[in-house]
Visitor: 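This structure is in structure tokens; I'll ask about it shortly.
This structure is a prediction, so every number in the text was calculated from the model and none was measured. What's counted below: heavy atoms across the whole structure, side chains too, no hydrogens, waters or symmetry copies.
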Amino acid sequence: MHSGDVATRNPQAKNLTSAQPVDAVSLAIIEQLQEDGRRPYAAIGKAVGLSEAAVRQRVQKLLDQGVMQIVAVTDPLTVGLRRQAMIGINVEGDLDPVADALTAMDEVEYVVVTAGSFDLLIEIVCEDDDHLLETINKRVRTLPGVRSTESFVYLKLRKQTYTWGTR
């Protein structure tokens, strides 16, 4: 099982940094859903001062715009994904084709364009060491434009949350 089988990818993620500002009511709805992603729209409506229908419409708009996702977050170990790694990638030429190819890989959880020692950082979640090696050696390193990679294999995950709120 690959991580792409567990959660739907966010097709608008590429454009998140240029998204329109979100108003205070929508931010309050997001906070409610971050506390409990299964909270009923009627309860959210009471908390933010809207009707259930208005909350439903706003949530759909936030989903459509790629502002947020509602997904089941799993513990990779419990679903058979025992190896995680951060990979720093240096690219020759245009970053976009490499970033797009990485984004399409099921094992890649996120792709970040960076400034500093690496052009891209990716997180990979795999079934085991063999799967990780295959992914890095046969799929990531062979992409046109990839000049070098450096792997940081996770030995123990100490914290992983998605509750940073809407600061």
Side-chain angles (χ1 to χ4, degrees), residues 1-23 26-27 30-31 33-35 37 59-167:
M1 171 189 281
H2 299 292
S3 58
D5 299 331
V6 178
T8 303
R9 302 265 183 237
N10 182 355
Q12 288 97 3
K14 189 175 185 179
N15 300 318
L16 285 181
T17 57
S18 62
Q20 295 285 342
V22 178
D23 70 16
S26 291
L27 290 174
I30 292 168
E31 287 176 344
L33 289 168
Q34 283 183 320
E35 288 174 13
V59 167
Q60 190 59 54
K61 183 178 177 184
L62 292 166
L63 293 168
D64 291 345
Q65 292 176 337
V67 172
M68 68 175 193
Q69 299 175 64
I70 300 174
V71 298
V73 177
T74 61
D75 174 353
L77 289 174
T78 63
V79 294
L81 301 168
R82 296 182 304 275
R83 181 56 70 211
Q84 293 179 274
M86 178 75 60
I87 313 296
I89 302 171
N90 288 306
V91 175
E92 287 185 30
D94 188 4
L95 298 175
D96 287 340
V98 177
D100 290 344
L102 293 165
T103 299
M105 293 182 189
D106 286 340
E107 295 85 357
V108 177
E109 288 301 306
Y110 67 81
V111 177
V112 182
V113 176
T114 65
S117 299
F118 301 106
D119 298 312
L120 300 169
L121 285 175
I122 64 172
E123 184 178 55
I124 296 179
V125 180
C126 294
E127 295 166 4
D128 53 31
D129 287 336
D130 289 335
H131 184 201
L132 178 64
L133 178 61
E134 172 83 15
T135 302
I136 295 170
N137 199 41
K138 302 277 199 247
R139 297 180 60 210
V140 174
R141 288 184 178 154
T142 60
L143 288 172
V146 171
R147 184 179 50 197
S148 65
T149 64
E150 185 172 346
S151 302
F152 304 90
V153 175
Y154 298 0
L155 298 177
K156 184 174 186 176
L157 185 61
R158 296 289 301 254
K159 181 179 181 179
Q160 181 173 338
T161 65
Y162 300 95
T163 57
W164 53 80
T166 58
R167 297 179 244 176

Visitor: Determine the minimum heavy-atom distance between Leu143 and Leu102, stating which atoms define it.
Guide: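 So the two residues come closest at CD1-CD2, 3.7 Å.
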Visitor: Between Thr103 and Asp100, is a side-chain hydrogen bond (donor to acceptor under 3.5 Å, both in side chains) present by the stated rule, with each step listed?
Guide: CA-CA 5 Å; Thr103 299; Asp100 290 344; 5.2 Å; no
Visitor: Check whether Ser26 reaches the backbone of Val22 with its side chain - one donor and one acceptor, N or O, closer than 3.5 Å.
Guide: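 Absent.
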Visitor: Considering only heavy atoms from C-beta outward, does the side chain of Tyr154 approach that of Glu123 to under 4.5 Å?
Guide: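 When only atoms from C-beta onward are counted, Glu123 and Tyr154 do touch, with a gap below 4.5 Å.
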Visitor: Answer whether the closest heavy-atom distance between the side chains of Arg147 and Val91 falls below 4.5 Å.
Guide: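 When only atoms from C-beta onward are counted, Val91 and Arg147 do not touch, as no gap falls below 4.5 Å.
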Visitor: Just verifying a value: how many Å separate Ile87 CD1 and Glu150 CD, rounded to the nearest 0.5 Å?
Guide: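 So the CD1 of Ile87 and the CD of Glu150 are separated by 9.5 Å.
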Visitor: If I take atom OG1 from residue Thr149 and atom CD1 from residue Ile122, how far apart are they, to the nearest 0.5 angstrom?
Guide: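 If I round to the nearest 0.5 Å, the distance is 8.5 Å.
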Visitor: Donor-acceptor check, side chain of Asn90 to backbone of Ser148, threshold 3.5 angstrom: yes or no?
Guide: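 Looks like no, no N/O pair under 3.5 Å.
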Visitor: Could you grab the distance from atom CE of Met68 to atom CD of Gln34, nearest 0.5 Å is fine?
Guide: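 Here the rounded value is 9.0 Å.
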Visitor: Would you say Leu132 and Glu127 make side-chain contact, with heavy atoms under 4.5 Å?
Guide: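 No. Closest side-chain heavy atoms not under 4.5 Å.
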Visitor: Ignoring hydrogens, what is the shortest heavy-atom contact between Leu121 and Gly88? Give both atom names and the distance.
Guide: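 Residues Leu121 and Gly88, closest heavy atoms: CD2-CA, 3.7 Å.
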Visitor: Measure the spacing between CD1 of Ile136 and OG1 of Thr142 and express it to the nearest 0.5 Å.
Guide: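 Going from the CD1 atom of Ile136 to the OG1 atom of Thr142 covers 12.0 Å.
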Visitor: Would you say Met86 and Tyr110 make side-chain contact, with heavy atoms under 4.5 Å?
Guide: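 SC-SC contact between Met86 and Tyr110 confirmed.
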Visitor: Does some side-chain heavy atom of Glu109 sit less than 4.5 Å from a side-chain heavy atom of Gln84?
Guide: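 Not in contact.
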Visitor: With rounding to the nearest 0.5 angstrom, report the CD to CG distance, Gln69 to Leu62.
Guide: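 Between Gln69 CD and Leu62 CG, I get 12.5 Å after rounding to 0.5 Å.
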Visitor: Are side-chain heavy atoms of Ile30 and Val67 found at a separation under 4.5 Å?
Guide: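 Yes, at least one pair of side-chain atoms sits under 4.5 Å.
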Visitor: Is Leu120 close to Val112 at the side-chain level, that is, under 4.5 Å between some pair of heavy atoms?
Guide: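 When only atoms from C-beta onward are counted, Leu120 and Val112 do not touch, as no gap falls below 4.5 Å.
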Visitor: Please round to the nearest 0.5 Å and tell me the distance separating atom OG1 of Thr135 and atom CZ of Arg141.
Guide: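 Interatomic distance, Thr135 OG1 to Arg141 CZ, rounded to 0.5 Å: 11.5 Å.
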Visitor: Testing the basics here: between Ile70 and Leu63, what is the closest heavy-atom pair and its distance to 0.1 Å?
Guide: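 In terms of heavy atoms, the two residues are closest at N-CD2, 4.0 Å.
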Visitor: Does a salt bridge link Asp129 with Arg83, judged by any charged N lying under 4.0 Å from a carboxylate O?
Guide: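 Here Asp129 pairs with Arg83 in a salt bridge, since their nearest N and O are under 4.0 Å apart.
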